[in-house]
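Just so it is clear: chains get the letters A, B, ... in the order the sequence lines come, proteins before strands, and each one is counted from 1.
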Amino acid sequence: MGVPIGELIPKKEIELENLYGKKVAIDALNAIYQFLSTIRQRDGTPLMDSKGRITSHLSGLFYRTINLMEAGIKPAYVFDGKPPEFKKKELEKRKEAREEAEVKWREALARGDMEEARKYAQRATRVNEMLIEDAKKLLELMGIPVVQAPSEGEAQAAYMASKGHVYASASQDYDSLLFGAPRLVRNLTMTGKRKLPGKNVYVEVKPELVVLDEVLSSLKLTREKLIELAILVGTDYNPGGIKGIGPKKALEIVRHSKDPLAKFQKQSEVDLYAIKEFFLNPPVTDEYKLQWKEPDEEGILKFLCDEHDFSEERVKNGLERLRKAVKAGRQSTLESWFMKR
DNA sequence: CATCGAGA
DNA sequence: TCTCGATGG
C-alpha cells in the first residue's frame, strides 16, 4: 500500500475551498478502493444491485465527484495500465492478505460479531475488471475526463501535475511524490467524518496538501535521494524494504551515502536500481484530454437507475447539482481567461 | 462514501 | 438548526 514514509512528510491541512478552480488528477484505483471498503453495510456487505453486482464504487464516485465539482474542483480520474513486472510479488502478497481477510470475515459473521466482520470485509476488498469498466463508464457519462495510464496511475498523475496540466495529483499514497508530482493532495475522496479504527471515535478528516519542494527541503534531500530512501523502507516493488531499516535510519543512510543502494543490493532479491529508474522515468503518455463536458443525463439515469437500481430521485437530484456545477465551472474558466488578457 | 429523517 | 444512526444498492 504505497511507501511507508508518512511520518517524515510535512503536510498541511487545507479546506476544499482552497482547491477552488483547480484541476486534479485522481488516482482512480485508489479512490475506488476507498469507496469499496468504506461504503458498506454494518456487517461488511457492499452495496449491490438486484443482480448481485457491486455498486459501492459507483455510489462513491457519483456523489463524491459531484461534490468536488460543486466545490469548483475539476477532477480527472487516472486509471492504471499494466503493472510493471516487478510489482508481481506485492500484488500476490495483497491477494493472499485479502483471501485471509475473507476467511476471517466469514468467521466473524458466523459469530455475529459485526464490528469484526466489517473490519475484515474492508480488508478483503477486491477490484475486478468489471468494477473498473463500470467506473469508467459512469465517469464518461458524467463528462469527467478519464485518463488511461500506460502503467502506474500514480506515475501518470504525477506527470500531468509536473507538466502543469493539473494542479496536483490526488491519492492516499505518497508514491506520486517519488514519481515527481510537485503537489499531492490526500484525503480528497474521503473528507468528512470518519471513524477511527478500533475505537468508537469520529474525527474530522480534512484534505492535506503535500508540496514536493517542501518535503525535499525539510528533509534536505533531492528527489533522487527521496526515492532511495523509499526503496530502503519499502515500496510496492520491494515490499518490506531492507530488513531492520525504518524511515529514521533510512534518512541517515541516504543523507550520508553517495550510493546507498549499493550495499543493500546483494541482500535484496529484486533489482533496487531498476526500481529507482522506474520512479525516475516511469512509462507515461501525452494522450489525454482534460475536458469537462455536459453530463449525459439520460445515459446516467439508464445506467445507474435502470441497470443498477439506484434511486431515481437521488440520481436526478445529483444530476441537477452536477449540471449547475459544470455550468459554473465553465463560467469561472471563461472569467479567468478574460482576466489574463 | 453519501443522503435522509428522527429526535434533541 | 444540529447531531446521530440507519440506509442506500
Side-chain angles (χ1 to χ4, degrees), chain A residues 1 15-16 19 24 26-73 75 77 109 112-115 117-128 130-139 141-142 144 170-173 185-197 199-208 295 299-325:
Chain A
M1 315 285 112
E15 305 291 332
L16 224 45
L19 296 172
V24 291
I26 301 180
D27 180 359
L29 195 70
N30 194 272
I32 288 171
Y33 260 112
Q34 276 172 3
F35 294 140
L36 284 174
S37 69
T38 51
I39 305 177
R40 282 169 187 265
Q41 287 156 292
R42 275 177 310 145
D43 67 353
T45 313
L47 300 188
M48 287 182 291
D49 63 21
S50 57
K51 288 181 180 157
R53 295 171 297 196
I54 293 176
T55 54
S56 295
H57 61 313
L58 299 179
S59 179
L61 277 174
F62 183 66
Y63 294 111
R64 188 64 203 172
T65 302
I66 291 171
N67 283 343
L68 291 178
M69 293 287 286
E70 270 190 325
I73 302 166
Y77 286 85
L109 268 185
D113 187 342
M114 291 307 160
E115 196 123 346
R118 196 172 199 281
K119 186 175 92 186
Y120 286 115
Q122 287 181 312
R123 282 188 208 171
T125 299
R126 272 185 298 195
V127 173
N128 59 36
M130 190 65 213
L131 263 54
I132 299 286
E133 288 314 310
D134 279 349
K136 284 181 183 168
K137 183 169 178 189
L138 174 62
L139 290 168
L141 287 169
M142 291 174 77
I144 304 295
S171 173
Q172 287 313 95
D173 297 338
V185 177
R186 303 181 71 237
N187 298 344
L188 194 64
T189 47
M190 45 174 282
T191 305
K193 283 211 176 5
R194 215 178 153 227
K195 192 173 174 295
L196 282 177
K199 290 271 183 253
N200 246 344
V201 186
Y202 286 83
V203 285
E204 178 88 9
V205 179
K206 287 191 174 181
E208 286 172 1
I300 293 172
L301 280 169
K302 211 172 134 207
F303 182 60
L304 288 184
C305 303
D306 296 353
E307 279 185 55
H308 291 297
D309 305 316
F310 276 60
S311 144
E312 200 169 305
E313 195 191 312
R314 284 188 182 197
V315 171
K316 276 186 171 161
N317 183 32
L319 286 175
E320 171 119 25
R321 289 166 53 205
L322 179 59
R323 195 190 316 133
K324 283 181 182 159

A:T189: side-chain hydrogen bond (donor to acceptor under 3.5 Å, both in side chains) partners, not counting sequence neighbours: A:Q34
Whole-Å gap separating C1' (C:dG5) and CD (A:E115): 14 Å
Rounded distance (Å) that lies between atom P of C:dG9 and atom CG of A:L36: 16 Å
Are there any protein N/O atoms within less than 3.5 Å of an N/O atom in nucleotides 3-6 of chain B, and if so, which ones and at what distance?
from  : atom 1 : to     : atom 2 : distance (Å)
B:dT3 : OP1    : A:R321 : NH1    : 2.9

Crowding at CD, A:E133 (>12 non-hydrogen neighbours, <6.0 Å): yes
Length of the CD-C1' vector between A:Q172 and B:dC1, whole Å: 13 Å
Separation of C:dG5 P from A:R118 CZ (nearest whole Å): 14 Å
Atom-to-atom span, CZ of A:F310 to C1' of B:dA2 - whole angstrom: 10 Å
Sugar-phosphate only, base, or nothing, as touched by A:T189 at under 4.0 Å among non-hydrogen atoms: sugar-phosphate
Residue-level proximity of residues 40-54 of chain A to DNA chain B when a heavy atom falls under 4.0 Å: none
Residues which pass salt bridge (charged side-chain N to carboxylate O under 4.0 Å, His left out) with A:R53, listed by chain and number, not counting sequence neighbours: A:D49
By salt bridge (charged side-chain N to carboxylate O under 4.0 Å, His left out) - contacts of A:R123 (at least two apart): none
Contacts of type side-chain hydrogen bond (donor to acceptor under 3.5 Å, both in side chains), residue A:R40, not counting sequence neighbours: A:T125
A:I66 CD1 to C:dG8 C1', straight-line distance once rounded to whole Å: 15 Å
Spacing of A:I26 atom CD1 relative to B:dC1 atom P, expressed in whole Å: 14 Å
Residues which pass ring pair (Phe, Tyr, Trp, His ring centres under 6.0 Å) with A:F303, listed by chain and number, not counting sequence neighbours: A:H308
Salt bridge (charged side-chain N to carboxylate O under 4.0 Å, His left out) involving A:K119 - partner list, sequence neighbours excluded: A:E116
Partner residues of A:K302 under the salt bridge (charged side-chain N to carboxylate O under 4.0 Å, His left out) criterion, sequence neighbours left out: none
Polar contact flag, side-chain donor to acceptor under 3.5 angstrom, A:S171-A:D173: no
Interatomic distance, A:L68 CG vs B:dA2 C1' [rounded to whole Å]: 13 Å
Sugar-phosphate, base or nothing in reach of A:S59, heavy atoms under 4.0 Å: base
